[in-house]
Each structure stands twice: as C-alpha cells, then as structure tokens.
Amino acid sequence: MPLKALTGNESMAEAMRQINPDVVAAYPITPATEVVQIFSSFVADGLVDTEFVAVESEHSAMSACVGAAAAGARVMTSTASQGLALMHEVLYVAAGLRLPIVLCEINRSLSAPINIHCDHSDTMGSRDAGWIQIFSENVQETYDNVIQAMKIAESSRIPALVTTDGFILSHCLERIEVLEDSEVQSFIGEYKPAYSLLDIENPITVGPLDLQDYYFEHKRQEIEAMREAKKSIEKVNKEFGDRFRRRYDFFESYKLNGAEIAIVALGSTAGTAKVAIDSLREEGKKVGLLKLRVFRPFPYEKLCEVLQKFKVVAVLDRSDSMSSTGGPVFTEARSALYDLTTRPRFVNYIYGLGGREITESDIKKVANEALKISKTGKIKELVQYLGVRE
Amino acid sequence: MKKYGWKELPLGAILKGEWSTENFPTGDWRSERPVWDEEKCTDCFLCWIYCPDSSIIIKDGKVTGINYDYCKGCGICANVCPPKVKAIEMIPD
Amino acid sequence: MVEIRWHGRGGQGAKTAAILFGEVAVSYGKYIQAFPEYGPERRGAPVRAFNRLDDNPILLHSPIDEPDVVVVLDQSLIEPAKVVEGLKEDGILLINTPDQPAEVRKKYKIKGKKISTVDASKISKETIGKELPNTPLLGALVKITRFVEFDRMVKDLKIQFKKKFRGNEKLIKGNINSLERAYKEVVSE
C-alpha cells in the first residue's frame, strides 16, 4: 500500500477522489474549506467525473445534495460548525428520504463567542437528525472511515457523517497508507439507487404530506433502519478489515483487560489517552480506554457488555448538552448501563471546548480521580470541567 | 381504507404504484370549476405549464379539455390565460 | 519520539518547513506529524509550527510544550516569542543568524541547551534570490540532528520541489543549493 503524508482534510479529499461521486455540492467553511477546495481542483483537472455544484450556503449545499441523491446520484459534501448548523433542517430531509449521502464533517465549535477550533458541539448538535456518525482518532482513520461510510450509507440507506477533529487532525500532516483507486472502487461497488426522480418510466412522489395518520410509521421505519444499520456497519468493518488489514469496530478497547476503571473518549483525544494509559500502566495503575468510534447508531448493547465489569467509568465529552447534567456521550453511555443490577459509577469530564488543549497529564488526572472513586466509592462532583479556569 | 403499519409502507414515503396520486382523485375539493372555450384557445399551453395538478388535457399538440377528476378549482389556469384570449373562465361548481 | 518547534513570522515558511520535513521523513517510512498553530492570520506576526517524528505510530494529539529541538527562522523572535521556553535541558536551539552560537548565548543570556547557528537568510538570498530561510534551515537541521540521511533527503526534496515549483529549474536548483550550503555552514558549540 502506498505511503503518503496527508492532512486530515487532504485525506478526506483523496478518499472523495477515489470514490468519484456523481455529485458534490458544497460551501467552504474553516476548517473544512480545504476538503472541497482540493476536491474542486480534482474536478477542474478532470481526475473525477463529478458534477461539482458551488452553492451560496450550506443550507443550499445540503438541499442540492438531497435533490441529486433523490435523482439517483452518489453524493458527497463537506462542512464544519456553523455550516453543519445551517444544514440542520435539511439533514432531517436527507435522512427521512433515506438518501445515502456522505458528509465529511470537520469538528469545530459553534458561535458565540466566535471560535474556529475543535470541539464536538456541531456534530453532537445533529445527533438526532437520523445520520450515522463516525468519529476518527487520526488521519488514517479519517481516510478509512470516509471510504467505509459510503458503503455503510448505501447498504443501510441512511446518510452518514464522518468526523475528524478541526485543526488537530484536519490540518495535521500524518503518515498514512492509502488504497489504490481500483481497490476503493471495487470495495464500494457500483451504486444502485433505490429510486430515481429522473426515471420517468417509473414515476414516484418524493416528500408527500404525511400527517397524523402516517408520519409516525415512517419515523418508526427510520428508527428501525438505524437499528439495522448496526449490521451494515459490522459487515462493512469486517470486509474492510479482511481486504485491507485495518480493523474497525463500533469502538476500540485499549488495555481494558485487567483494568479497574475505564475512560471513554472519542476523536483525536483517544490517542493522547492511550499514551497516558501506557504511562499509568507502567506505574501499576489499572486503567483502560474505550474509544467510541460510532456514535450513531449508539452501540448500546456492546458498550454495556464491555463496560459493566468496571468499578468506575470516566466519560470525556468535547461538548456539553447544556442540560446541566453532563455531555451527550456521558448521558447515553450511562443510560446504556442503567438496567444492570451491579453497574459502574459514572463521572463526566467536559473538556477541550473551542480547541482548549487536552494533554496527557489532564487524562492522568481524570484516571487518578476515577481510581480514587473506585476505592472510596465517593463522587464529589458528577460533572467536572477539565482545563477551564475558575 | 386500510391503515398500513410501518413494516408495510414504502421506505422514506417514496410513493409509486398503488400510492400514485392517480389513485387519489381530488376533484371533489372544488368550489369553482374552470370552463374552457375551444374557440378562443390559442394552444399556448400556459395553463398546462402552470396547472399544479396536471389537469389540462392535451392531445396531438392541442388542448382538448380539463380533467375534473383531479382539478381542485384553484383558478391558476384562468389567471395565466392571456387577457386577450380569456379562453378559461371560473364558474361556481 | 522527537519533537520540534519552529518559530517564524507569517510568510517566512515555518509551516512549509514543518510540512517538507514531515514529507521527507515519511518517504523514509518514519511516522510523523506536522502541524501549524492557527490564530489570527497576519503576515509578519509570530507563528509556530510543529513536528513529531518516530519509528512507531504517533498517538499523541496534544500540543508540543517541551520540544527536543527549536528552530528559529527570525532572530528578532528569540526574546518576544520566548523560543527557549519548554525546550528540553539537552535540547537543541537552531537559529537563523549571522552570529556565532557563543555570541547568541551571551546576547540573550541562554543557559544550558545546545546552540547551533547558520545565516539562512544570507544563504537563501544568494542561492534562491530572496529571503526564504526555511529550506536552508532544513539542511542545517538534518546536519545537527541526523534524523534522516542528507543525500537521500536532497534526492527526495528534488522530487518535491519539482512539483512545488512546477518544474522551474532555477528555483529547484536554488533551493537545493541553499540546503547544501546550510548543511556545510551550520556552526554548533
């Protein structure tokens, strides 16, 4: 496999080139600008067959994506932060119409105050829109996830959003192994849309009024599709691993064997956490990491299975749900284990908002506090804010 | 009419076949009906372009009438018919 | 793992140097990271860029606070940008300056660390035709750290430059010459 030095953004654009979608409609926004900028140069250079639609806003971008996908095209786009927020209402349309669009999302905080750096507020803001959500730890995963997402979306008929962390990964050059164009093409296969608005021999109605008597049934279908998508994800992960020797799952267990407490994290922080855990293990401290990769559909059963044996689980959230009782990963992970008769104690750490750095020593602090809770059984504060000044 | 459960419905509410709008006549929604005058009509097709229910019938390049099974009586056809032509008039249904 | 911090002014090529270094190291099969620090973008404002280099996959995605090497593209940044801050006790400080290491140490009262200097601005003016200290500093960096083999780096960079400068022979040659001269002219204590 060819070795390359690519940034997160470059790797997403490269994956898009190899996928060679029929339509890309996008609007630039920091830190995702490069993804479509690089991709549009591929279009200009004739390296792809894509129809590139330069629109006037992200709302239009997602709308054009929905139109193109309803016409039967393989469709991709990219955005970040305010852009994803502006797409918000159309995200639901894409999911409701069961259009397998793939969105390369660069995690960035939301205004106000204005900030261009990484946190997960934007992606978490659309967590209920009916999109599959996949997080990436590094540039290699960012690239691999985009390719897998195309196949997962198309086989489950649900749109998918692949995220990478703004600047930390989007603008970080790393060594990655890329696949050959032909390997990507044979992996994703030919796209056979479930329907096409342009098929005049088989006329269809798209987006009918669906009131009290039928809307609920269609939403129930969507919920079921998300449940079923877990099978698609498993299948695609397995096929990707078998073919290309890079294994993926809903989450990665890192040194969880023999651990007393577990840390849950997603995105680039998981890498830093691994380094912290290596060092804690050398000190004889029994600490492990669960790196959540797929946040939607939420891998409830598997998470429960793996986390139930720990005394304490410390969840790191790079966004807050403004509920005053913790971040989105915390509340969902904690709820997943509620029905067990003996279950771990859960604590939550909100960290890294607006790109605030998270270091090895921050994670060690979390681990040491969790170990203390494990010993004393006492939780002083359920939700803490890591690295914020008082 | 049978109320279908979620397992039986077309995915994403994408409708075709038995769900086609053809099977759901909307003519009884009407309070006014358009009356078309063949003598005055110049076959400019503006009414055909604008009709939201595809209820203007065209055969062999000529307007031949209005499909009252689906026409909701919105009056757009009468409105877009050029003032010098006035081939469509709305009357109480 | 080795960590490098580059200090420059917006437009001097600190980010480009970090990326070039990363690309060269990857062609050796090394694991790398190269990332700039993003703030308000202004030409002339102090900027920083970073490298990590290792034989094994790099997991850390936190900022670099205690680098092994600090490269300074502009001598005027030494005090205002606190370039020595966090540099490991036995770390290397590579500075673009016409001064000798001992002079720099005395002038800025730097204690400990290893200081190397090279007049990268002068070299770039004489070889490339304008002040672009980043390429020559890359040559000097390789000389003092031996992270990669110099001859192979020159060969790799020729390929990179061909793409970057769209085959402009004068620029390619100038940049290669600047690398070679800095490699020879860098002085260490």
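In the text below, chain A, chain B and the rest are named by the order of the sequence lines, each starting its count at 1.
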_Quick check against the 3.5 Å criterion: does His61(C) have a side-chain atom that pairs as donor or acceptor with the backbone of Thr359(A)?_
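Answer holds: no.
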
*asked:* For a side-chain contact (heavy atoms from CB on, under 4.5 Å) check, start with the C-alpha distance between Asp65(C) and Glu357(A), then their side-chain angles and the critical distance, and finish with the verdict.
replied: CA-CA 11 Å; Asp65(C) 295 326; Glu357(A) 69 274 13; 5.9 Å; no

Verify the neighbour count for atom [atom1] of [X]: are there more than 12 heavy atoms of other residues, nucleotides or ligands below 6.0 Å?
X: Lys88(C); atom1: NZ; value: yes
X: Lys173(C); atom1: NZ; value: no
X: Lys164(C); atom1: NZ; value: no

*Which pair of heavy atoms, one from Lys30(C) and one from Arg175(A), lies closest together, and at what distance?*
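Heavy atoms of Lys30(C) and Arg175(A) come nearest at O-CD, 3.1 Å.
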
_Nearest 0.5 Å, please: how far is CG in Leu169(A) from CZ in Phe35(C)?_
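CG of Leu169(A) is found 10.5 Å from CZ of Phe35(C).
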
*How far does CD1 of Ile19(C) sit from OG1 of Thr7(A), to the nearest 0.5 angstrom?*
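Reported to 0.5 Å precision, the distance equals 7.5 Å.
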
Side chain, backbone, both or neither of [X] within contact of chain C (heavy atoms, under 4.5 Å):
X: Gln140(A); value: neither
X: Ile168(A); value: both
X: Leu6(A); value: neither

*asked:* Counting only non-hydrogen atoms closer than 4.5 Å, can you tell me which residues of residues 266-273 of chain A sit against chain C?
replied: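 When heavy atoms of chain C are the reference, residues 266-273 of chain A contributes Ser268(A), Gly271(A), Thr272(A) within the under-4.5 Å range.
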
*asked:* Contact between Leu59(C) and Glu137(A) at the side-chain level, heavy atoms closer than 4.5 Å - yes or no?
replied: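 In short, these two side chains touch, coming nearer than 4.5 Å.
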
*Heavy-atom distance under 4.5 Å between the side chains of Leu173(A) and Glu23(C), does that happen here?*
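The answer is yes, as the side chains (C-beta and beyond) meet within the 4.5 Å cut-off.
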
*Any idea how Tyr38(C) and His171(A) line up, ring-wise: parallel (<30°), tilted (30 to 60°), or perpendicular (>60°)?*
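Perpendicular.
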
_If you count heavy-atom pairs within less than 4.5 Å of chain A, which of Gly29(C), Ser62(C), Ala34(C) leads?_
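Answer, by heavy-atom pair count under 4.5 Å with chain A: Ala34(C).
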
